[in-house]
Amino acid sequence: MKILFISNDPSLFVAESVSRARMRAYAAVIGELHILSSAGKDAKEEQDGNLFLYPMRVWKIFRVHAFTKRARVLILRYGIEVVSAQDPFEHGLVALRATRGTNAKLHIQVHTDFLSPWFTRGGNLRSPRVRMPLLNRYRRSVADRVLPAASGIRTVSERVKASLVERYGNRIPEPTVIPITVSAEVPERVPLPAHRFTFALITVGRLEPEKRIEDILMALSLVVKQYPMVGLFIVGEGRERKWLERMTHSFDLEKHVIFLGERPDAWALMGSAQAFIQASAYEGYGRTLIEAALVRVPIITTNVGIVGEVFKGHEDVLAVPVADPMALSRNIVRIIEDTSVRLELPMHAEAAARAHLLQQDSRRGVGAVADLPTRIGDDLARVCAENNRSYEESTKP
């Protein structure tokens with residue numbers, strides 16, 4: 001197969017990166033993989049075995065046009081059979097426009113729950129308002145154009161698949177669910193940096209509006225009135241960091257919150273906390289929930305992503321509605337006060353996570369990490385096969 005990925009991952013151009021290794025694995029399964037991606041100023045066009053990389057450096061306002069033009073050249077030059085976009089938004093629009101008038105088929109990857117009402121909503125009366133991008137409304141309208149034109153769609157969870165089927169019905173091909181890959185090999189625990197907390201919460205993720213870290217800070221401000229030695233470690237970076245630091249100050253939480261920035265050992269740090277907490281407005285999957293379950297820490301999370309699919313609320317995890325800091329605070333207190341919850345919840349969550357990973361493994365009888373490129377390759381192969389059948393039908397006398 002000859003496949004073109006439309007991506008936005010500058011790390012692909014770093015030979016030693018995890019992203020490059022993953023794409024090599026995909027290329028080995030696919031046959032010939034071309035990737036067009038945004039890149040830093042030092043990135044160069046290169047070939048790595050049967051992996052071909054093409055960097056793009058364009059202002060955002062011109063990105064769709066420039067990417068479309070370059071993608072179309074690659075389709076015609078190399079006889080690309082399928083163009084796969086990493087999202088149904090700007091990258092999906094590029095892929096849609098580039099495939100028009102060619103024999104290449106359109107494949108879309110949906111990694112986020114963009115049909116959640118919280119994709120465009122900033123808050124409610126119970127919670128702080130966050131600055132959700134106005135662009136998200138436009139992105140949803142773009143997806144409405146792109147997805148019905150696709151020959152194949154990959155999602156990362158049953159929740160996302162169900163939302164697509166509900167909105168588009170038979171106007172789209174049935175989405176294939178291929179979850180995010182998570183290793184079952186748990187890293188050795190790494191101690192949290194020096195602190196004076198007797199109960200340490202940890203949250204891990206990009207500091208972006210949809211993660212609603214604001215709700216965690218508000219919940220913490222309520223908890224410390226009763227339990228002054230509770231603290232929070234925030235692992236990750238993003239555009240919200242300065243705003244979150246100001247909010248920490250306004251809630252008088254400087255002694256209770258420690259920002260750690262990006263940490264390559266984030267998963268190992270989770271195991272040293274007393275609880276993992278997540279307040280996301282929406283998630284496509286929720287990899288950190290699996291990781292937290294595997295290191296056996298109690299989990300407090302909003303009802304997003306694989307909650308309900310992999311984890312049952314109040315059996316495996318403590319699940320709360322989105323944008324409800326009061327509910328978050330009540331569940332923090334519940335873990336602090338209830339020994340049985342603190343001990344039993346992690347055992348149930350770990351069992352659920354391992355059952356989920358085992359189910360993924362059993363599809364081919366190999367490890368989930370090794371299996372993912374093959375499963376994605378199979379998904380693309382189906383689109384290729386459909387493409388070839390359509391071509392043969394069109395050329396019959």
Side-chain angles (χ1 to χ4, degrees), residues 118 123-130 189 192-193 195-205 211-236 244 247-260 269-281 283 286 288-289 291-293 295-305 307-308 311-353:
W118 291 99
N124 56 27
L125 295 176
R126 299 189 303 272
S127 67
R129 291 198 65 82
V130 299
R189 294 187 181 192
L192 292 165
H195 61 89
R196 300 179 63 186
F197 312 145
T198 57
F199 188 93
L201 296 158
I202 189 168
T203 188
V204 177
K211 299 302 181 180
R212 296 196 64 90
I213 307 295
E214 292 88 343
D215 291 342
I216 302 177
L217 293 176
M218 187 172 181
L220 183 63
S221 71
L222 300 172
V223 171
V224 296
K225 294 174 183 177
Q226 184 178 358
Y227 293 96
M229 294 309 290
V230 174
L232 170 68
F233 287 92
I234 299 176
V235 182
L244 293 171
M247 191 173 186
T248 298
H249 176 74
S250 68
F251 279 141
D252 196 23
L253 289 173
E254 291 98 329
K255 294 180 180 179
H256 300 274
V257 177
I258 298 176
F259 288 84
L260 296 182
L269 286 169
M270 285 186 202
S272 296
Q274 277 67 58
F276 174 83
I277 187 166
Q278 170 182 284
S280 299
E283 291 281 352
T288 53
L289 294 178
E291 293 176 343
V295 295
R296 302 176 187 170
V297 294
I299 297 170
I300 303 168
T301 177
T302 43
N303 184 8
V304 295
V307 176
F311 299 112
K312 295 179 181 178
H314 301 285
E315 291 184 28
D316 306 321
V317 300
L318 297 181
V320 303
V322 172
D324 194 339
M326 284 291 293
L328 289 172
S329 67
R330 285 195 299 268
N331 282 286
I332 295 171
V333 171
R334 184 179 174 190
I335 291 177
I336 293 171
E337 295 182 345
D338 193 329
T339 303
S340 63
V341 170
R342 200 162 56 246
L343 295 177
E344 292 175 14
L345 209 66
M347 290 191 297
H348 294 162
E350 184 193 15

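Thr248 has its side chain within reach of Phe259: a pair of non-hydrogen atoms, C-beta onward, lies under 4.5 Å apart. Side-chain atoms of Phe197 and Leu192, non-hydrogen and from C-beta on, never get closer than 4.5 Å to each other. Taking 4.5 Å as the limit, every side-chain heavy atom of Pro193 sits out of range of all side-chain heavy atoms of Ile258. Using a 4.5 Å heavy-atom threshold, the side chains of Gln274 and Ile332 count as separate.
Counted within 6.0 Å of NE2 on His249, heavy atoms from surrounding residues, nucleotides or ligands total 12 or fewer; the atom is thus considered open. No more than 12 heavy atoms of other residues, nucleotides or ligands sit less than 6.0 Å from atom CE of Met326.
What you find for Ala275 and Phe199 is that their closest heavy atoms are CB-CZ, 4.0 Å. Nearest heavy atom pair, residue Leu345 against residue Glu315, reads CD1-O, 3.6 Å. Shortest non-hydrogen contact noted between Asp215 and Ala279 is CB-CB, 4.2 Å. Across all non-hydrogen atoms, the minimal contact from Leu328 to Ala219 is CB-CB, 3.7 Å. Scanning both residues, Ala352 and Asp316, for their nearest heavy atoms gives CB-OD2, 3.9 Å. Taking every heavy atom of both residues into account, Ala200 and Ala273 meet most closely at O-CB, 3.4 Å.
With sequence neighbours left out, Glu291 forms a side chain to side chain donor-acceptor pair (under 3.5 Å) with Arg287.
Side-chain N/O atoms of Arg212 and Thr302 include no donor and acceptor closer than 3.5 Å.
Distance OG1/Thr288 to CE/Met270: 5.5 Å, rounded to 0.5 Å. Ile277 contributes atom CD1, which lies 8.0 Å from atom CD1 of Ile335 (distance to the nearest 0.5 angstrom). Remark: Ile300 CD1 to Thr203 OG1 distance equals 10.5 Å, nearest 0.5 Å. Once rounded to the nearest 0.5 Å, the distance linking CG of Leu220 with CG of Leu201 reads 7.0 Å. Arg129 CZ to Glu214 CD: the interatomic distance, rounded to the nearest 0.5 Å, is 11.5 Å. From Ser221, atom OG reaches atom CD1 of Ile216 across 12.5 Å, with rounding to the nearest 0.5 Å.
Evaluation of the side chain to side chain donor-acceptor pair (under 3.5 Å) test over residues 340-352, restricted to residues two or more places apart or in two chains, returns Arg296-Glu350, Asp338-Ser340, Thr339-Arg342, Glu350-Arg354. Residue pairs meeting the salt bridge (Lys or Arg N to Asp or Glu O under 4.0 Å) criterion with at least one partner in residues 317-329, sequence neighbours excluded, are Arg126-Asp324.
Under the side chain to side chain contact (heavy atoms under 4.5 Å, CB included) test applied with Glu283, the options Leu289, Thr301, Val304 reduce to a single match, Val304.
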### Task
Report the C-alpha separation of Val322 and Asn303 in whole Å, then their side-chain angles, then the decisive distance to 0.1 Å, and conclude whether the side chain to side chain contact (heavy atoms under 4.5 Å, CB included) test is met.
CA-CA 7 Å; Val322 172; Asn303 184 8; over 6 Å; no
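A donor-acceptor pair is defined here as one N or O able to donate and one able to accept, closer than 3.5 Å; such a pair exists between the side chain of Asn124 and the backbone of Ser127. Side-chain N or O atoms of His256 include none that pairs as donor or acceptor with a backbone N or O of Leu232 at under 3.5 Å.
The aromatic rings of His195 and Phe233 lie perpendicular to each other, with more than 60° between the two planes, well past the 30° mark.
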